[in-house]
Amino acid sequence: MRLSRVHKTYPGATQPALRDVSLDIGKNAFFTLLGPSGCGKTTLLRMIAGFETPDSGAVELDGTSVVGIAPNRRPVNTVFQSYALFPHMTVAQNIAFALDMLNRPRDAIDARVTEMVRLLRLEGLEQRRPNQLSGGQQQRVALGRALAPAPQVLLLDEPLSALDLKLRKEMQVELKRLQLETGITFVFVTHDQEEALTMSDQVAVLSAGEIVQIGAPVEIYERPVNRFVAEFIGDANFLPASCVANDSDGPCFRIDGPAQSGAPIRIADSIDFTPGAKAVLVVRPERLALVDDMAQAQLQASVTGAMYSGSDLMLHCALDGGTPLRVRLAGAAHSTVPHGRIGLTFAPGAVRVFAA
């Protein structure tokens with residue numbers, strides 16, 4: 001699937017919903033559109049589905065333009081946030097609905113419904129109606145109805161947002177399993193970073209109608225291209241710093257503020273910073289480690305609070321200049337909460353740097 005320079009402005013809007021967006025989505029991929037509310041991700045999904053028409057640009061499936069082709073004539077199905085099940089129909093009838101509309105033979109429909117029930121683990125529920133199902137069961141029925149005609153592309157518009165936390169995590173596993181077993185391209189829309197990182201092969205991060213970064217989840221998380229991506233994907237500390245040197249091994253920075261006199265922090269990238277230039281260093285809380293010897297510390301901070309969540313212990317700290325700092329430690333390894341003044345060091349390659 002390819003989108004080329006897709007642009008969309010809604011009537012009366014002062015800003016475009018999409019600004020010359022281009023995307024290549026491979027076959028059999030789990031591709032996620034991630035971003036805050038109003039960034040354009042749902043508009044992009046609706047253009048693929050055929051519910052919106054771009055003002056300019058191209059939308060292609062298998063090299064053929066689908067602009068102007070009605071939604072029901074595209075090899076694409078959508079699972080909506082509300083599920084939109086037919087309340088008067090049973091599970092089996094809901095799953096069979098699209099196949100009935102396509103006038104498939106009855107025996108073929110029955111065989112496909114049986115296959116979907118098995119795939120979605122709905123055995124024994126075939127004759128129940130939606131109001132007799134749990135939220136997770138309803139969502140699986142909606143998935144079955146969308147998957148039954150074997151579309152080339154399945155679009156999912158925040159389908160997990162109505163579920164509680166435990167069920168949402170279970171359904172993340174189920175969705176990835178379904179995508180792998182069916183071989184269908186999934187295009188998933190969410191504002192939930194954990195969903196995007198957990199399930200996706202590729203993630204496109206959107207902001208204000210533009211794609212900011214595309215990459216594998218680990219690339220998006222570990223190597224954000226700018227501060228917006230670093231802030232939006234996971235927890236991050238943003239530390240004001242100054243460049244103190246830049247040579248063939250890369251630039252060195254020192255955290256601004258009193259008492260930050262540890263060894264300069266070297267960035268192993270070729271970055272164009274001149275000595276004296278101001279910067280912001282970005283480091284994830286889990287990439288900081290405690291050190292016993294303050295002389296070895298690259299940072300010194302004071303613990304102001306702690307939150308224990310079982311697997312993690314999150315320390316809330318402050319540098320001497322007042323800059324807040326969060327440190328995530330393995331909960332099982334820290335039965336005693338550190339307090340007072342602590343020394344910290346960075347894991348190798350843990351720091352990203354952006355211009356201040």
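- Counting non-hydrogen atoms of other residues, nucleotides and ligands closer than 6.0 Å to CG of Asp292 gives a total of 12 or fewer.
- Note that SG of Cys39 and NE2 of His191 are 11.0 Å apart. Values are rounded to the nearest 0.5 Å.
- Panel note: side chain Gln132, backbone Arg129; a donor-acceptor pair is recorded below 3.5 Å.
- With contacts defined as side-chain heavy-atom distances shorter than 4.5 Å, the pair Asp235/Met314 qualifies.
- Relative ring orientation between Phe86 and His88 is described as perpendicular, the plane-to-plane angle rising above 60° on a 0-90° scale split at 30° and 60°.
- Shortest non-hydrogen contact noted between Pro324 and Asn237 is O-OD1, 4.3 Å.
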Derivation and outcome, salt bridge (charged side-chain N to carboxylate O under 4.0 Å, His left out), residues Glu222 and Arg284 | CA-CA 9 Å; Glu222 297 289 354; Arg284 303 290 186 186; 5.9 Å; no
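- A cation-pi arrangement is absent between Arg287 and Phe346 under the rule of less than 6.0 angstrom and at most 45 degrees off the ring axis.
- Residue Ala306 comes nearest to Leu313 through the heavy atom pair CB-CD1, 4.2 Å, listed as atom of the first residue, atom of the second, then distance.
- At a cut-off of 3.5 Å, with distance as the only test, a side-chain donor of Glu195 or Thr190 sits close to an acceptor on the other residue.
- The backbone N or O of Gly234 lies less than 3.5 Å from a partner atom in the side chain of Gln193, making a donor-acceptor pair.
- Side chains of Leu315 and Ile342 form a contact here, defined as non-hydrogen atoms less than 4.5 Å apart.
- Inter-residue side-chain proximity for Gln298 and Ile265 is flagged as met; some heavy-atom pair is nearer than 4.5 Å.
- In this structure, Arg177 places its CZ atom where more than 12 heavy-atom neighbours from other residues, nucleotides or ligands lie under 6.0 Å away.
- Formation of a donor-acceptor pair under 3.5 Å by the Arg145 side chain with backbone atoms of Tyr83 is found in this model.
- Summarising the local packing, CZ of Arg106 is surrounded by more than 12 heavy atoms from other residues, nucleotides or ligands at distances under 6.0 Å.
- Residues Tyr221 and Leu197 have side chains in contact (heavy-atom distance under 4.5 Å, counting atoms from C-beta outward).
- Under the 3.5 Å distance criterion, the side-chain polar atoms of Glu126 are matched with a main-chain donor or acceptor of Gly124.
- Leu160 CG to Leu175 CG: the interatomic distance, rounded to the nearest 0.5 Å, is 5.5 Å.
- A distance-only check finds a donor-acceptor pair linking the side chain of Arg326 to the backbone of Ala236 [under 3.5 Å].
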Going through the checks in order, is the side chain to side chain contact (heavy atoms under 4.5 Å, CB included) test met by Asn77 and Leu155?
-> CA-CA 6 Å; Asn77 267 349; Leu155 308 177; over 6 Å; no
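- Atoms CG and CG, from Leu33 and Leu23 in turn, are 6.5 Å apart once rounded to the nearest 0.5 Å.
- Under the 3.5 Å distance criterion, the side-chain polar atoms of Gln93 are matched with a main-chain donor or acceptor of Thr90.
- A donor-acceptor contact shorter than 3.5 Å is absent between the side chain of Asn246 and the backbone of Thr274.
- Atom CD1 of residue Ile95 and atom CD of residue Glu115 lie 11.0 Å apart, to the nearest 0.5 angstrom.
- Side-chain atoms of Asn131 and Pro87, non-hydrogen and from C-beta on, never get closer than 4.5 Å to each other.
- A distance of 12.0 Å separates CE of Met47 from OG1 of Thr42, quoted to the nearest 0.5 Å.
- Between Phe30 and Phe188, the ring-plane angle classifies as tilted under the 30° and 60° cut-offs.
- A salt bridge between Lys8 and Asp20 is absent, with no side-chain N of the basic residue lying under 4.0 Å from a carboxylate O of the acidic one.
- Two different hydrophobic clusters hold Val187 and Leu34 under the rule that ILVMFWY side chains link at heavy-atom gaps under 4.5 Å.
- Looking at Ser22 and Leu3, their side chains never come closer than 4.5 Å, going by heavy atoms from C-beta outward.
- Atom CG of Asp320 is separated from atom CG of Asp256 by 13.0 Å, given to the nearest 0.5 angstrom.
- Without hydrogens or angle criteria, Arg74 side chain to Ile69 main chain gives a donor-acceptor distance under 3.5 Å.
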Quick one: do Asp62 and Lys27 satisfy salt bridge (charged side-chain N to carboxylate O under 4.0 Å, His left out)? Show the steps, please.
-> CA-CA 9 Å; Asp62 284 340; Lys27 290 185 178 181; 3.5 Å; yes
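- A continuous path of hydrophobic side-chain contacts links Leu290 to Val283 [ILVMFWY only; heavy atoms under 4.5 Å].
- Between the side chain of Arg266 and the backbone N or O of Cys252 there is no donor-acceptor pair closer than 3.5 Å.
- Side-chain contact check for Lys278 and Ser242: at least one donor-acceptor pair (N or O, by modelled atom type) lies under 3.5 Å.
- Counted within 6.0 Å of CE on Met294, heavy atoms from surrounding residues, nucleotides or ligands total more than 12; the atom is thus considered enclosed.
- In summary, the aromatic rings of Phe354 and Phe238 are positioned with their centroids too far apart to meet the 6.0 Å limit.
- Side-chain contact check for Val67 versus Ser65: some heavy-atom pair is nearer than 4.5 Å.
- Closest of all the heavy-atom pairs between Phe232 and Pro36 is CZ-N, 3.5 Å.
- A 4.5 Å side-chain heavy-atom check between Leu133 and Leu125 finds at least one atom pair inside the cut-off.
- Grouping the Ile, Leu, Val, Met, Phe, Trp and Tyr side chains by contacts below 4.5 angstrom, directly or via other members, places Val76 apart from Phe186.
- The only member of Lys169, Arg121, Arg140, Gln179 that meets side-chain hydrogen bond (donor to acceptor under 3.5 Å, both in side chains) when paired with Glu174 is Arg121.
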